[in-house]
Every structure is written in C-alpha cells, then in structure tokens.
2 protein chains.
Amino acid sequence: MVTEMDTITILVVDDHHIVRQGLVALLKTVPGFTVMAEASDGAEAVDLYAKHHPDVTLMDLRLPKLGGVDAIARIREKNPGARIIVLTTFDGDEDIFRALQAGAKGYLLKGMDTDELTEAIRSVYAGKSRIPAVVAEKLAERMSGPALTTRELEVLRLIVGGRSNKEIAGELFISEATVKTHINSLLSKLGVTDRTQAATTALQRGIVHLDS
Amino acid sequence: MVTEMDTITILVVDDHHIVRQGLVALLKTVPGFTVMAEASDGAEAVDLYAKHHPDVTLMDLRLPKLGGVDAIARIREKNPGARIIVLTTFDGDEDIFRALQAGAKGYLLKGMDTDELTEAIRSVYAGKSRIPAVVAEKLAERMSGPALTTRELEVLRLIVGGRSNKEIAGELFISEATVKTHINSLLSKLGVTDRTQAATTALQRGIVHLDS
DNA sequence: CGGCGTCTCCATCTTTTGATGGATGGCGTC
DNA sequence: GACGCCATCCATCAAAAGATGGAGACGCCG
C-alpha cells in the first residue's frame, strides 16, 4: 500500500542526455516521485544503485560500457528486491526476454505518455510487474519457437556477419558439413528457409545486433 | 547577425513524448530560445510549421504518418528558407543523406550535451550548416560508392525481405537471370560478395529498413 | 548524326547453399 | 546401468546463388 505521503525515489539510466532530461522533467511534474540520481551507462548505474538504493530504476537497454541487461543482472545479484523498469525504443524481442530474465519488472516503450509511465512506476513500486500488451505479444511469439543452442547462435552471428559456410567452418574449427547442420536446425527453429531470412529475422527479433 | 535581444523560436518534432519533454526542458534553460510548438508526427510538423514559421525546427526522422525526410521536403517546398536540424539516434547513412538532400541544415545525434545542441541551433539559425564529424565521415563513406539504380533498389528490398531469386523474378516480371545481374551489380556497388551481406549492410547503412 | 554512358535484359558455367539421413558422445532420470 | 534426450558432428545429392560475357534500348552531349 502506498500512502499519499510516500515519495518514490527513482534512478534514471540512459545514455542519451536528452532522454534523461525528458524523464526528469516529466517525473518532476508528478507529486510523489523523486529522481535521486541519473546514470549514463551500465557501470555507473550499478554504482549509483549501490549508493542510493532507489525504489525504482528506469533503465535503457542500449548502454555503453555495460549493457542494460548485464547491469540489471548485476544490480539484482546484490539486491534481489530491486525494482527495475526497462525503458527502451523497441529493440526486438530477445532483449525484452533477457531483460525480464535478468529480473526486470516492467518494460516500457519510449513514447508512452505521462500517465502510462507514472502508472507503471507505481505498479512496479507496489510489487507488481507491468508488461504492455504489445510487448507481451511479441514475447509470446518468441516463446513459441524452441531456443537456439550455443553453437547455433555462434553460427547465426557469423551468418549475420556475412561469413560463408567455409569461413564459418574455419572460424569454429569444424567441418563445413557440420556448419550446414547447425544452419539447418537454426533455420527451422527460426521458421525460415535460408540464411538471408535467418539474418534479417535474427536482427528483427533482436537475437543479434549490428554493431555500428 | 544575432543580437543578444533576439529570441530564436523553435519547433520540436519527435514521436517520443519523453524526448520532446527532454528537449523542451533542455532548451528552456537556455536564454534566447523559445520552443513555440511541438509535433509528434510528420503531418503535424508540416501543419505547425505553416502556422508558426519557427526560426529553427528540430526533427526526428522516424515519425508516424509522414516520415521525417518527407516532412522536411514538404516544409522546404513552401518555405525554401526553412532551417531544419535533424535530431536522431543514428539511423544509418542513407537517412542522413536523404535528409540533407531534402534540405536539412544540420544533423545531430541524440545524446549530445546541451552545449553542442545550443551551438548547433545557433549556427543553423545564423545560416550555417552543421554536421558533426562522425556523421560527415559516414556520409563520405556512403558517397564513395556509386548509387544503386531503381531496379537494383527494388531487388535489394526484396532480398532483405527474404525472397529467393525466383520469387523476385516473379514479383518483378523479369527472368531469374536478370535478377542475378541486378544482384551482381548491387553486390559490387555495395562492396559485398553475397546477398546476406547485401541485406545486412543495406540495413546498417539505412538503405532499407525492417518494418517491425 | 554518332558516340558514350547506363539501365535493362538474358544464357552458360561454377560455386555455394540447403535437404536428407545417419553416427557419436554427454547428461539426466528412472 | 539402461534408457531416452539432445547437442554435436559428418557425408551425399539436388537446388539456389554468384561469376562471366554479352546484347538491345534509351537519353545526353559534343
């Protein structure tokens, strides 16, 4: 139960200065919310969490130095009760999934209005978790397929990297035939029929990222 | 020349509520800047520009209804003197290029600090254009290669869409052999060796987008 | 006009890719 | 330990993709 008197302390984590400003400005208008700290990368987020122990943390996933997912994991490692809301411009399902695995309690899309944001913060603060319908849907879709094995993921990453089967075989020290087997199973797991589709859907679903 | 007395009126265009708030909050702290209007999509941006004629427009490229590039083009069609700064989280070179083609005078990345932002606004207001080094570099890189033809672009889009050569041939009413020719030339223009690389670099360079 | 560039189109040959079927070894459960 | 389960590995064969060389159509400029 949250009384009118309580003030919810918040840590904001985002590498974009403008977004941080936006969140602070937005949250300042809501009575009962206090932004107690701001971090611009994952490592700083971990430090600031340890120092301030905010009630709720709003965290972007794409962060320099230490990724959002890892930051969440580290924070919750030492503070299992940490209430963290992921706030991102839709990166793809896989990131959502991993963030929730790592212990995020909510997942919000930038571009939501103030009401949605404040309501989510209050919900999560109250111990509930909060996943918007769009996200839940994507999540369910992702769940449908079986998970890729470690090897399959490695191969997939190399495919997205533009390597040929021969090159993949060389880099993984396996035969080209084996590479094909892995490709075959990952193709069927992803529900596609060739490597190009595998690459694009992997990117779309956020299973791998283009490092630009 | 800008005197101390002048106030620069600004139109902010971004579909993310939070980003708009951030910009407004940020700009409010700078004396001489006035955010006179905010738009959340391209169509609204065009309308509000016509209504207010701001000195400078800050515009995101990824917008609902009417894309940022098109919005820039429409605004400058009627107002050739319009000073527009693109403000985006790096979408890929092609978008930068098209935005500048459409008449954008500056290109900023979200995540820049207040000084860079204000300086860019003042520069553009003064009639100069302002492209950060990172962006200029990418732009030069893009310029290096020859442009894809209309047909090649169509084929490329279908490749990214996961179509086979046979399917592409069917959709474009040409023979499969012809498809291969187009692919061959676009491969060399993109500087890659197969369709998967073509797909990923096309996405990376923002030549095509995954519509998710 | 004549030549030049370029976009479009097509056929043949080689390489790569993907489909299929099957073998090995680890790991947990009963 | 015996069993199934699954990840990993491999070989063979058909299909798709890519390299190469070349032809006709069109606009542009000297």
Side-chain angles (χ1 to χ4, degrees), chain A residues 94 97-98 101 142-205 207-208, chain B residues 94 97-98 101 142-205 207-208:
Chain A
E94 203 62 25
F97 182 72
R98 282 200 286 260
Q101 283 264 319
R142 184 231 117 100
M143 292 302 200
S144 65
L148 298 183
T149 70
T150 312
R151 210 56 165 170
E152 286 161 359
L153 252 181
E154 288 178 297
V155 172
L156 181 56
R157 259 189 274 272
L158 291 169
I159 286 177
V160 174
R163 311 297 202 294
S164 71
N165 289 347
K166 191 177 295 188
E167 290 170 328
I168 295 174
E171 297 194 33
L172 298 183
F173 304 105
I174 59 181
S175 91
E176 201 180 328
T178 303
V179 173
K180 292 186 182 183
T181 306
H182 291 308
I183 291 179
N184 240 287
S185 42
L186 72 85
L187 287 183
S188 68
K189 284 183 185 175
L190 292 179
V192 297
T193 62
D194 61 64
R195 60 172 49 217
T196 305
Q197 289 179 13
T200 53
T201 67
L203 289 172
Q204 193 164 33
R205 287 178 42 173
I207 299 172
V208 300
Chain B
E94 204 61 24
F97 181 72
R98 282 200 287 259
Q101 283 264 319
R142 183 233 116 101
M143 292 301 200
S144 66
L148 298 184
T149 70
T150 312
R151 210 56 165 170
E152 285 162 0
L153 251 181
E154 288 177 300
V155 173
L156 181 55
R157 259 189 274 273
L158 291 169
I159 286 178
V160 174
R163 311 298 202 296
S164 70
N165 289 348
K166 190 177 297 188
E167 290 170 328
I168 295 174
E171 298 195 34
L172 298 182
F173 303 104
I174 58 182
S175 90
E176 199 180 331
T178 303
V179 173
K180 291 186 181 184
T181 306
H182 291 307
I183 291 179
N184 240 287
S185 41
L186 73 85
L187 287 184
S188 68
K189 285 183 185 175
L190 292 178
V192 299
T193 61
D194 61 63
R195 58 172 50 217
T196 306
Q197 290 178 14
T200 53
T201 68
L203 290 172
Q204 193 164 35
R205 288 180 40 175
I207 300 172
V208 300

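Model, not experiment: these values are computed from the prediction. Computed from heavy atoms alone, side chains included, the values below leave out hydrogens, waters and symmetry copies. Per chain, numbering begins at 1; letters A, B, ... match sequence-line order.
Listed by chain and number, the residues in a side-chain hydrogen bond (donor to acceptor under 3.5 Å, both in side chains) with S185(B) are E152(B) (sequence neighbours excluded). Partners of D194(A) according to the side-chain hydrogen bond (donor to acceptor under 3.5 Å, both in side chains) rule, which considers only residues two or more places apart in sequence or in another chain, do not exist here. In terms of the side-chain hydrogen bond (donor to acceptor under 3.5 Å, both in side chains) criterion, residue partners of T196(B) (sequence neighbours excluded) are, by chain and number, T196(A). By the side-chain hydrogen bond (donor to acceptor under 3.5 Å, both in side chains) test, T178(A) pairs with S175(A), sequence neighbours left out. Applying the salt bridge (charged side-chain N to carboxylate O under 4.0 Å, His left out) criterion to E154(B), with sequence neighbours excluded, gives R151(B). For R163(B), the side-chain contact (heavy atoms from CB on, under 4.5 Å) partners are L158(B), E167(B), I168(B), E171(B), not counting sequence neighbours. Residues forming a side-chain contact (heavy atoms from CB on, under 4.5 Å) with L187(A) (at least two apart in sequence, or on another chain): I183(A), V192(A), A198(A).
dC10(D) atom C1' lies 10 Å from atom NE2 of H182(A), rounded to whole Å.
Protein chain A touches strand DNA chain C; the 5'-most and 3'-most nucleotides with an atom under 4.0 angstrom of its non-hydrogen atoms are dT16(C) to dT20(C).
Within the structure, the salt bridge (charged side-chain N to carboxylate O under 4.0 Å, His left out) test picks out no pair touching residues 176-185 of chain A (sequence neighbours left out).
OP1 or OP2 of dT8(D) has at least one side-chain nitrogen or oxygen of T149(A) nearer than 4.0 Å.
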Sugar-phosphate or base contact per nucleotide [nucleotides 11-23 of chain D; S, B, -; heavy atom under 4.0 Å]: B----SBBBB---
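In the helix from dC1(C)-dG30(D) to dC30(C)-dG1(D), the end axes, each obtained as the rotation axis mapping the C1' atoms of four pairs onto the next four within a five-pair block, lie 30° apart to the nearest 10 degrees.
Looking at L172(A) and V179(A), their side chains never come closer than 4.5 Å, going by heavy atoms from C-beta outward.
Distance alone, capped at 3.5 Å, places no donor-acceptor pair between the Q204(A) side chain and the T200(A) backbone.
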